[in-house]
There are 2 protein chains.
Amino acid sequence: MAEKDDKDKKAREEELREKAGKANARPKNWMVPFLLLCLREWNSYGYELMERMTAFGFGAMNPGTLYRVLRQMERDGMVSSRWETSGDGPARRVYSITDVGEAYLRFWADSLEQYRRMTDTFFRLYTGRSPEREEE
Amino acid sequence: MAEKDDKDKKAREEELREKAGKANARPKNWMVPFLLLCLREWNSYGYELMERMTAFGFGAMNPGTLYRVLRQMERDGMVSSRWETSGDGPARRVYSITDVGEAYLRFWADSLEQYRRMTDTFFRLYTGRSPEREEE
DNA sequence: GGTATATATATGTAGAATGCACATAGACTG
DNA sequence: CAGTCTATGTGCATTCTACATATATATACC
């Protein structure tokens, strides 16, 4: 593979650094359970939920992504929505969690426990405290 | 939205249960750091790595996915490979981690710490208190 | 009144990740 | 020589998500 070897090692590492920063920041589908958690506490709407997601550790996100996820969640029956026009600003689509959504949240919590074990395994190996594990 | 209300609640929950089981089991891109972690210990090949991934908590995975990820990692310069034909069975493509791969692993470990905080936040909200985790 | 800004929601497009089915092939077994 | 285990790969479709862009309402200011 002597095709792009004009890049030196440092340049590659920089490239990988960017890639690591982008690709790993957000695991797939985590927004859904976190949104459900928020809606379990109180009904809310996209613009407000966006701010709360940011506080949860999702970096500044594109609004379009969030709104699209919310609509998909409604199609899946996890949440229901109604228009709220009594407020001051523009009309808001206020979401509520459904029974199905709460059920989904329970299933998801089980999966998260698995994540946790994987995370612990990773750090146990990464920091060098490898259990035993012998070669083939 | 009285379009698909012929489905009763139970059917929807079942549907969501399937969805939860599939969609959440594996966060995006976790295979890469775990593979790098394995290859840091000793060089290995796809078929063997697949078994080790299973042990890490990735359920039985499709071989095609793993092989495809490995080739992509090589294109990214994280690993290098050579054919091993001295063994008994068919030839194996044996992978080794590169300096770039080790660097990527370091960046990734930092991101993983963020995951951990997100996970803790989730359970703190979900169960109402912080989960029992022994800190080092 | 007219213009800018903040609030609020949504779509169009493209790329990446991944699952599933399927393809290829060597080596051993009966 | 058919079947099975090992081992690696491709094609296709779906899903998730980032980015840019569009739309509309309310408020502030001149």
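Just so we're on the same page: letters track the sequence lines, and every chain starts at 1.
- Look at CG on B:L66: it is 11 Å from C1' on D:dG9, rounded to the nearest Å.
- In this structure, A:Y67 does not reach the C:dA10 phosphate: none of its side-chain N or O atoms is under 4.0 Å from OP1 or OP2.
- For C:dT9, neither phosphate oxygen OP1 nor OP2 lies less than 4.0 angstrom from any side-chain nitrogen or oxygen of A:R71.
- In terms of position on DNA chain D, the residue among B:Y47 and A:A91 whose nearest nucleotide sits closer to the 5' end is B:Y47.
- Scanning atom types as modelled, one donor and one acceptor separated by under 3.5 angstrom connect the side chain of A:R68 and the base of C:dG12.
- Between A:Y45 and C:dA8 there is a side-chain polar atom (N or O) within less than 4.0 angstrom of OP1 or OP2.
- Residues B:E51 and B:G64 each lie close to DNA chain D; by heavy-atom proximity, the contact nearer the 5' end of the strand is made by B:E51.
- When the P atom of C:dA27 is taken as reference, atom CG of B:D88 falls 10 Å away, rounded to whole Å.
- Taking atom CE of residue A:M53 and atom P of nucleotide D:dA18, one finds them 14 Å apart after rounding to whole Å.
- One finds the CG atom of A:N62 at 10.5 Å from the OH atom of A:Y67 (value rounded to the nearest 0.5 Å).
- Under 4.0 angstrom from either OP1 or OP2 of D:dT8 there lies no side-chain N or O belonging to B:R93.
- Annotation for B:M78 and B:V32: closest pair SD-CG1, 3.8 Å, computed over non-hydrogen atoms.
- For B:T65 and C:dT18, the shortest distance from a side-chain N or O to OP1 or OP2 is not below 4.0 Å.
- Distances shown here put every side-chain N or O of A:N62 at or beyond 4.0 Å from the OP1 or OP2 atom of D:dC19.
- As a whole-Å value, the separation of A:Q72 CD from C:dT9 P is 18 Å.
- In this structure, B:G46 reaches the sugar-phosphate backbone alone: every heavy-atom distance under 4.0 Å involves primed, P, OP1 or OP2 atoms, never a base.
- Nucleotide C:dA6 holds its C1' atom 16 Å from the CD atom of A:E48, rounded to whole Å.
- Atom CE in A:M73 sits roughly 14 Å away from atom C1' in D:dC16 (whole-Å rounding).
- Judged by distance alone, with hydrogens and angles left aside, the side-chain atoms of B:S81 form no donor-acceptor pair with the main-chain N or O of B:Y95 at under 3.5 Å.
- Taking atom CZ of residue B:R52 and atom C1' of nucleotide D:dA7, one finds them 18 Å apart after rounding to whole Å.
- Ring geometry for A:W30 versus A:W108: interplanar angle over 60°, hence perpendicular rather than tilted (30 to 60°).
- Across the protein-nucleic acid pair, B:R92 atom CZ and D:dC5 atom C1' stand 12 Å apart, rounded to whole Å.
- Scanning all heavy atoms of the two residues, the minimum distance from B:V79 to B:I97 falls at CG1-CA, 4.2 Å.
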